[in-house]
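So the structure is just underneath, and the comments pick up after that.
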Amino acid sequence: MTQRINYSKTSPAGVKAFGSVYGYIGQCGLEKTLVELVNLRVSQINGCAFCLDMHTRDLIELGFSPVKLALVQVWEEAGNVFTEREKAALAWADIVTRVAETHVPDEAFRAASLVFEDKELADLTMAIALINAYNRLAISFRNVPQEAAGI
């Protein structure tokens, strides 16, 4: 795979704007592990190799086991491997990422609202929207995963 465009260099102001949202998410109060878990799940759904590589590494650094990482893609069947809060975040990430198909039904919102306060749910949704945007950039312009680049 060869990178098509280095959008960080060709559109630094746009990347800076995304970085501002990323900075907000990092300090909004959501647990870093929860945000990274959602980043990994959304990247799985979208098939973004670059982001899968990055967020897998980030979760390993945060102490996630290889088995828990492997089970993210089948989180609904993983029993008690994930906490109730992680399951709620993963369910919300799945439904919001597939918004064109799901239209985010009321029952999904009610389920997420039982676990997350309004601000947390808004921030989580912003995090999901941001990683979806990053996935689209990385896939469109063929960002090379760190593992493939031999770094």
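Small disclaimer: the values here were computed from a predicted structure and weren't measured. Scope of the values below: all heavy atoms of this structure, side chains included, with no hydrogens, waters or symmetry mates.
Annotation: side chain of Cys51 is not in contact with side chain of Asn39 (no heavy-atom distance under 4.5 Å). Side-chain contact check for Ile95 versus Pro105: some heavy-atom pair is nearer than 4.5 Å. Between Val72 and Gln44, some side-chain heavy-atom pair lies under the 4.5 Å cut-off. Put simply, the side chain of Leu37 reaches to within 4.5 Å of the side chain of Phe82, judged on heavy atoms.
Across every non-hydrogen atom of Ala127 and Ile25, the tightest pair is N-CD1, 3.7 Å. Residues Thr10 and Pro12 share a closest heavy-atom pair of C-CD, 3.5 Å. When all heavy atoms of Val15 and Ser8 are compared, the closest pair comes out as CG2-CA, 3.6 Å. Scanning both residues, Ile128 and Val96, for their nearest heavy atoms gives CG2-CG1, 3.7 Å. A pairwise comparison of heavy atoms in Arg4 and Arg142 identifies NH2-NH2, 2.9 Å as the closest pair.
Under the 4.5 Å side-chain heavy-atom criterion for ILVMFWY residues, no single connected hydrophobic cluster contains both Val35 and Leu52. Connection of Leu34 to Phe64 is not established within any shared hydrophobic cluster, with ILVMFWY side chains joined at heavy-atom distances below 4.5 Å, either directly or through further cluster members. Cluster membership check: Leu114 does not share its hydrophobic cluster with Trp75, using side-chain heavy-atom separations under 4.5 Å among Ile, Leu, Val, Met, Phe, Trp and Tyr. Criterion: ILVMFWY side-chain heavy atoms under 4.5 Å apart, direct or through other members. Under it, Leu121 and Leu90 are not part of a common hydrophobic cluster.
Note: Tyr7 OH to Leu137 CG = 5.0 Å, rounded to the nearest 0.5 Å. Annotation: the span from Glu36 atom CD to Ile60 atom CD1 amounts to 12.0 Å, rounded to 0.5 Å. Taking CD1 of Ile131 as the start and OG1 of Thr97 as the end, the distance is 9.5 Å to the nearest 0.5 Å. Atom CG of Leu62 and atom NZ of Lys32 lie 6.0 Å apart (nearest 0.5 Å). Atom CD1 of Ile139 sits about 8.0 Å away from atom OG of Ser43, to the nearest 0.5 Å. Atoms NE2 and CG, from His55 and Leu40 in turn, are 8.0 Å apart once rounded to the nearest 0.5 Å.
Within the structure, side-chain hydrogen bond (donor to acceptor under 3.5 Å, both in side chains) contacts touching residues 104-115 (residues at least two apart or in different chains) do not occur. Among residues at least two apart or in separate chains, ring-ring contact (aromatic ring centres under 6.0 Å, His included) pairs with a member in residues 8-33 are Phe18-Tyr134. Among pairs with a residue in residues 6-24, none fulfils salt bridge (Lys or Arg N to Asp or Glu O under 4.0 Å), at least two apart in sequence or across chains. Under the salt bridge (Lys or Arg N to Asp or Glu O under 4.0 Å) criterion, the residue pairs touching residues 120-135 are Arg85-Glu120, Lys119-Asp123, with sequence neighbours excluded.
For the side chain to side chain contact (heavy atoms under 4.5 Å, CB included) test, no residue two or more places apart in sequence or in another chain qualifies with Pro66. Residues satisfying the side chain to side chain contact (heavy atoms under 4.5 Å, CB included) test with Ser140, not counting sequence neighbours, are none. In this structure, the side chain to side chain contact (heavy atoms under 4.5 Å, CB included) partners of Val67, at least two apart in sequence or on a different chain, are Ser65, Leu71. Remark: Glu86 pairs with Lys68 by the salt bridge (Lys or Arg N to Asp or Glu O under 4.0 Å) rule, at least two apart or across chains. With sequence neighbours excluded, the residues satisfying salt bridge (Lys or Arg N to Asp or Glu O under 4.0 Å) with Glu84 are Lys87. In terms of the side chain to side chain contact (heavy atoms under 4.5 Å, CB included) criterion, residue partners of Ala88 (sequence neighbours excluded) are, by chain and number, Val115, Phe116.
By the 4.5 Å side-chain criterion applied to Ile, Leu, Val, Met, Phe, Trp and Tyr, Met54 is assigned to a cluster that also includes Phe50. Apart from Ile45 itself, the hydrophobic cluster it occupies contains nothing, where clustering links Ile, Leu, Val, Met, Phe, Trp and Tyr at side-chain heavy-atom distances under 4.5 Å.
Counting only distance, with no hydrogens or angles, the side chain of Gln3 and the backbone of Ile5 share a donor-acceptor pair below 3.5 Å.
Counting heavy atoms of neighbouring residues, nucleotides and ligands inside a 6.0 Å radius, atom CG of Asn80 does not exceed 12 of them.
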